[in-house]
Number of protein chains: 2
Amino acid sequence: MNAGVDGGGATPVGSRRAARRTQTIEEILGLALEIMGEAGAGSLSYAELARRLGVRPPSLYKYFSSVMAIYDELFRRGQRAHRDAVAAAMHEAKPGMDSIRAGFDAAARWTADQPVLAQLLFWRPIPGFEPSPEAFAPSVEMVGLFRTALSQAVDTGELVPAGGSEEALSLLSVLAAGISSQYMANEPGRRWKESRYLPLGRAALDMFQAAYGASTSEP
Amino acid sequence: MNAGVDGGGATPVGSRRAARRTQTIEEILGLALEIMGEAGAGSLSYAELARRLGVRPPSLYKYFSSVMAIYDELFRRGQRAHRDAVAAAMHEAKPGMDSIRAGFDAAARWTADQPVLAQLLFWRPIPGFEPSPEAFAPSVEMVGLFRTALSQAVDTGELVPAGGSEEALSLLSVLAAGISSQYMANEPGRRWKESRYLPLGRAALDMFQAAYGASTSEP
DNA sequence: GTCTATATTATGATAGAC
DNA sequence: GTCTATCATAATATAGAC
């Protein structure tokens with residue numbers, strides 16, 4: 001599951017050297033994000049990475065077999081973190097529209113908090129990089145969460161039956177992508193709490209509910 | 001207005017040498033798009049450009065003062081072309097919602113037809129590149145077109161007064177960005193006529209009208 | 001695991017001959 | 001306007017000593 005050269009999952013019990021290795025890997029990934037944040041997602045290099053880690057470039061090959069392997073690991077972790085953030089928010093809220101709103105908010109907030117990872121996940125800024133198929137699994141799971149929540153919102157009477165359709169689900173994705181995309185393009189660096197896209201995300205869901213909501217009077 | 005080294009606007013009357021120069025510039029920009037399409041928007045280089053043009057890299061400096069100047073010119077032209085496509089579609093249609101739908105459609109279609117330029121305009125895939133401020137003017141103009149059309153839709157009674165608000169305008173932008181963004185990320189290369197985002201764009205505007213439309217019964 | 005040394009390849013940019 | 005020659009810099013990656 002892990003990318004590149006690093007040897008497998010959890011630290012073997014009692015192995016200090018493996019712990020140290022894990023620590024170095026974490027440090028490398030952190031520095032990678034730092035570099036990408038400063039000079040653009042596509043500007044990661046072993047040379048700069050080694051410079052900041054205080055080693056020579058060849059040493060990095062002991063941890064990752066190529067620059068692409070680092071991108072892949074960041075992508076994999078990013079997808080998981082994004083899904084976890086959304087899932088946690090949805091789980092805390094009441095099933096149905098509350099859960100959808102919470103998840104929608106959390107997705108946008110995560111994007112704002114992790115602009116570099118968001119760029120890597122949702123745009124495709126690196127020419128040669130194609131994430132491994134398994135790395136997409138969390139994204140699929142997350143769509144499933146929203147599908148379930150929409151279905152629940154229909155069951156509770158918050159939405160008309162059409163709200164449980166795949167089209168409604170797709171429109172929800174479009175709204176989420178639109179909010180994130182506009183934020184990243186127009187207000188990168190702006191704090192999410194002060195961004196105009198925070199209230200606009202709410203307004204977007206109001207629009208969604210105006211279209212699919214069962215509150216007033218639909219046939 | 002023109003980027004880089006190329007000397008000013010239209011071809012002076014009767015100057016063959018200027019015409020040839022213009023032709024070369026066009027060829028360079030075309031090849032630049034070709035390269036960016038094949039290897040990613042951020043992978044443009046004088047070396048590859050010269051290779052394809054059949055000259056040596058230093059010769060290119062007679063036409064553009066740097067690689068960034070090429071990006072800037074492409075950005076400038078892209079913004080204009082995008083605005084023109086949208087404006088033409090809106091102008092042909094009946095003022096109000098028809099015009100908005102036509103413009104919305106045209107924007108998405110243009111994005112699908114010009115994926116490389118769209119990436120350059122709407123995402124920021126090139127680390128060091130910051131487009132010149134004047135290059136944004138067409139984008140501002142285009143938002144103005146939609147603002148006017150929304151206002152007309154309110155006047156004709158197609159939309160409730162809130163449909164003329166800046167919030168409604170922003171939501172329209174969010175929808176447009178969402179459609180384009182999802183298309184580019186999930187179905188790059190797919191023909192627009194066969195893309196699932198073509199009908200989804202229509203559905204998005206249906207949702208917009210369900211929220212702001214005055215057809216049924218709003219206070 | 002880290003280093004030096006090296007191979008290979010690429011880049012942007014400039015000087016100056018023609 | 002195009003070229004050769006050149007400078008300066010950077011990149012990924014491997015071999016092999018320690």
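A note on names: the letters A, B, ... follow the listed sequences, proteins ahead of strands, and every chain is numbered from 1. As the structure is a prediction and not an experimental result, all values here were calculated from the model.
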Any pair counted as salt bridge (charged side-chain N to carboxylate O under 4.0 Å, His left out), so long as it reaches residues 164-178 of chain A, sequence neighbours left out: A/Arg147-A/Glu166
Chi angles and distances behind the side chain to side chain donor-acceptor pair (under 3.5 Å) call for B/Arg196, A/Ser170: CA-CA 10 Å; B/Arg196 74 190 200 86; A/Ser170 296; 3.3 Å; yes
DNA chain D contacts among residues 39-58 of chain A, heavy-atom distance under 4.0 Å: A/Ser45, A/Tyr46, A/Ala47, A/Arg51, A/Pro58
Residues which pass salt bridge (Lys or Arg N to Asp or Glu O under 4.0 Å) with B/Arg109, listed by chain and number, not counting sequence neighbours: none
Test: B/Asp206 and B/Arg101 ion pair at under 4.0 Å: yes
Between D/dA13 (C1') and A/Tyr63 (OH): distance, integer Å: 18 Å
Heavy-atom side-chain proximity of B/Phe146 to B/Met90 below 4.5 angstrom: yes
Span of DNA chain C, from the first to the last nucleotide whose atoms fall under 4.0 Å of chain A heavy atoms: C/dG1 to C/dA5
Partner residues of B/Phe122 under the ring pair (Phe, Tyr, Trp, His ring centres under 6.0 Å) criterion, sequence neighbours left out: B/His82
B/Tyr61 OH - D/dC7 C1' separation (whole Å): 12 Å
B/Arg20 backbone acceptor or donor facing B/Thr24 side chain under 3.5 Å: yes
Pairwise salt bridge (charged side-chain N to carboxylate O under 4.0 Å, His left out) hits with a residue in residues 48-60 of chain A, at least two apart: A/Glu34-A/Arg52, A/Glu38-A/Arg52, A/Glu48-A/Arg51, A/Glu48-A/Arg52
